[in-house]
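Take a look at the structure below.
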Number of protein chains: 2
Amino acid sequence: MSYEELDPRKMLILKAIIDDYITSKEPVGSRTIAKKYQMGLSSATIRNEMADLEEMGYLSQPHTSAGRIPSEKGYRLYVDKLMTPGVTDLKPTEDELSEICGYMENKIHEMNNIVKAASEIVSRITHYTAIGMASSEKKHTVKALQIIPVDLKKVLVIVVLDNDVIKNQMVKTPDSLSAEELSKLSVICSNMLTGMQADSISLEMINEIVILSGINRDKILPIIDGVLDCIKQCDSAEIYTEGATNLLEHPEFNDVSKAKSLLELINNEEEMAKLLQGCDGAGAKGIVVKIGTENEMLEVSDCSVVTATYSLNGVNLGTIGVIGPTRMDYNKVISALEYVRRRMLPE
Amino acid sequence: MSYEELDPRKMLILKAIIDDYITSKEPVGSRTIAKKYQMGLSSATIRNEMADLEEMGYLSQPHTSAGRIPSEKGYRLYVDKLMTPGVTDLKPTEDELSEICGYMENKIHEMNNIVKAASEIVSRITHYTAIGMASSEKKHTVKALQIIPVDLKKVLVIVVLDNDVIKNQMVKTPDSLSAEELSKLSVICSNMLTGMQADSISLEMINEIVILSGINRDKILPIIDGVLDCIKQCDSAEIYTEGATNLLEHPEFNDVSKAKSLLELINNEEEMAKLLQGCDGAGAKGIVVKIGTENEMLEVSDCSVVTATYSLNGVNLGTIGVIGPTRMDYNKVISALEYVRRRMLPE
DNA sequence: TGTTAGCACTCAAACTAAAGGAGTGCTAAC
DNA sequence: GTTAGCACTCCTTTAGTTTGAGTGCTAACA
């Protein structure tokens, strides 16, 4: 799609309209633009330009005697070219930021939860809903592994991945194993599986573990099962949802049934994983904006989703997505996601 | 409060009114009662009785020409004496039950999550919001403890409590410790702290651990800190919220701002812990019903909260609470909580 | 004395009509 | 190319009207 058709003045007017609509939440008329955004033109002229912009598909009218609202195409152009980029809009929230900073410092060293903490911050800054997904690339490897006796018939399996995600599982053992047997098994498993990827663990390796341990097969199979379960779990992404109720603040969700279906979607981790994964295309600075029906998911077809993927040295750390009405403050959202990147990555 | 003032017929009529209101969600008039609930009386007679019941405070009228709705006092009597107790209302959902049974079987052996699974079931059966709280009695003791090296500068601390709740924490170590030092420290900590209650760990004991280990104090203090953190964490209850969006199904929350404030409350774990703890009074079968303003929390003063505490051999396993409009199907909710008790406790 | 039929009365909700106003499109003049 | 002016549209608000479910009261009845 090329935008050459648009002369600079039209762009300016379109930008003014969208800026205004984003803050006012009301269809904006020609008089408003002529007055508020001093551009030395009368409302009649603006009116003519608006008619042009509508014909080109950048604006639409709810009804004949109403002002104009941006179309998806309008938002698209706005996000791509028009928007005053970067910090500008974040400034008024500087106080919020500092309030939040301290909070983040506390959380940041619980490595497991960086993404959660970051999502919370984004949600708080933007007042939209933030979804965080810790990276779930299959290429993670086992970094540490331990089997701990808990009581006579129970054993705890712990796996730490190379991204410091921790998984554990309690396993009931059919027969009790001695502490020596267990610690031996723990060492063997650790030796065999450390450095392995979840999907590259073969049956042969499991067999080898059983043989090396020299323990009765039936006695330890449940435990090894638990270990594998743990490792597999790591492939299923962790999803953190923050500020879900923020949606209800926006007038486009005044309709309860609409709000309900969206909230239900947001509470559904699988769907959210899909939504965020669908947005992993690089995009400028790793940020992708999907507007309205650009999201293939039907329920969010009147929402926009802005996602940022965070990676360090080529390793994907996670993704944070912001969900809000198509009339969202793209500028603020993108600034927030950038802000979090700056705080997250130097570490 | 005594109910002697009410003759049997008044009770019957009150019960009919409340039954009807619970299902119809509409103020109920005298004609409805006379027709639907065959009791050989004309609407005029019912009308007289209703006027009496209103005077006594069991009913109220939204406006003069509307039917009656139950007052809190009315619900109270209904729950205490009138309600046809037990299974009755659960029958129609027998198919839901069996659908859910299989699901539960899968979850039940993840011991950590019994309460979560149970809450989910309750929420699904009742279509209200269920809040589960795993027991957080301070009297839990440490059952197993282990310190695992993860990489040069990181160590994972794991604590298992006697109720099989697992806590872990990643700790950054200022200086790297050798594997031998760590395993020694792990064994010492385990010996010293196993069987201890969270709040009975003294500074002397920590000192002793440091001395016994023979390692430089500064090197291991962060780790011991992590261990204590872990143990302390166990005192803060785990809260599981299931079916929060179900609230939006009920007409009393058609007002978005009302719904929002309630949803925010429900998402607030501390508040929910307070709410459930406030309801731990024994009550018949461990079930407590708080109607409207009987909840001291302002935001739920037009809701009812039904809580069930589950305990085995005197040990408190957890609490599940159901939140819904005062006009909730108490019968169904109580049945569901009882059902879950039956499935949970034999285990 | 308790029950019931009948009737006047009340009041929210649903519908209708009219007024108000924000905003447009078009035309004609600058 | 820009602008003032004006007729026109159509949503929103307000006020007035109708409808109907439900009540309270009274008088008659068993």
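Convention: sequence-line order gives letters A, B, ...; per-chain numbering from 1.
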Whole angstroms only, please: what is the CE-C1' distance between B:M39 and C:dT3? 15 Å

Parallel, tilted or perpendicular: which describes the rings of B:H250 and B:Y128, with under 30° parallel and over 60° perpendicular? parallel

Using Watson-Crick or G-U wobble pairs with both distances under 3.5 Å, give me DNA chain C in dot-bracket, 5' to 3', with [ ] for crossers and | for pairs to another strand. ||||||||||||||||||||||||||||||

Return the 5'-most residue of the pair B:S42, B:H63 with respect to DNA chain C, ranking by each residue's nearest nucleotide. B:S42

For the pair made of CD1 in B:I46 and C1' in D:dC25, what is the distance, rounded to whole Å? 18 Å

Start with the C-alpha distance between B:E270 and B:K274, add both sets of side-chain angles, then the distance that settles salt bridge (charged side-chain N to carboxylate O under 4.0 Å, His left out), and finish with yes or no. CA-CA 6 Å; B:E270 286 95 47; B:K274 246 192 274 172; over 6 Å; no

Within this structure, what is the CG-to-C1' distance between A:D52 and D:dT2, rounded to whole angstrom? 14 Å

Do A:E72 and A:T293 have side-chain N/O donor and acceptor atoms under 3.5 Å apart? yes

Separation of B:E26 atom CD from D:dG20 atom C1', in whole Å? 14 Å

Using a 4.0 Å heavy-atom cut-off, does A:S43 contact any base of the nucleic acid, only the sugar-phosphate backbone, or nothing at all? nothing

Please lay out, stage by stage, how A:E294 and A:R76 fare under the test salt bridge (charged side-chain N to carboxylate O under 4.0 Å, His left out). CA-CA 10 Å; A:E294 291 172 14; A:R76 184 80 266 164; 2.5 Å; yes

Closest of C:dA5, C:dG25, D:dT3 to the B:A44 side chain is C:dA5

Is there, by distance only and without an angle test, a donor paired with an acceptor across the side chain of B:S65 and the base of C:dT10 below 3.5 Å? yes

If you check every side-chain atom of A:T64, which of D:dT23, C:dT24, D:dT9 has the closest atom? D:dT9

Go through D:dT2, D:dG24, C:dG25 for me and flag the one nearest to the B:E54 side chain. D:dG24

Side chains of B:D20 and B:Y37: is there a donor and an acceptor less than 3.5 Å apart? yes

In this structure, how many angstroms lie between the C1' atom of C:dT1 and the CG atom of B:N48, rounded? 13 Å

Could you tell me how far apart B:R31 (CZ) and C:dT4 (C1') are, to the nearest whole angstrom? 15 Å

Could you state the interatomic distance from CG (B:L53) to CG (B:L14), rounded to the nearest 0.5 Å? 5.5 Å

5' precedence on DNA chain C between A:A66 and B:R9 (nearest-nucleotide basis): B:R9

Among C:dT24, D:dT23, C:dT4, which is the nearest nucleotide to the side chain of A:M50? C:dT24

Looking only at heavy atoms, which two atoms of B:L262 and B:F253 are closest? And how far apart? CD2-CE2, 3.4 Å

A:E49 CD to C:dG25 P: how many Å, rounded? 13 Å

Just how far, in rounded Å, is C1' of D:dT9 from CZ of A:R68? 13 Å

Between the base of D:dG5 and the side chain of A:R47, is there a donor and acceptor pair under 3.5 angstrom? yes

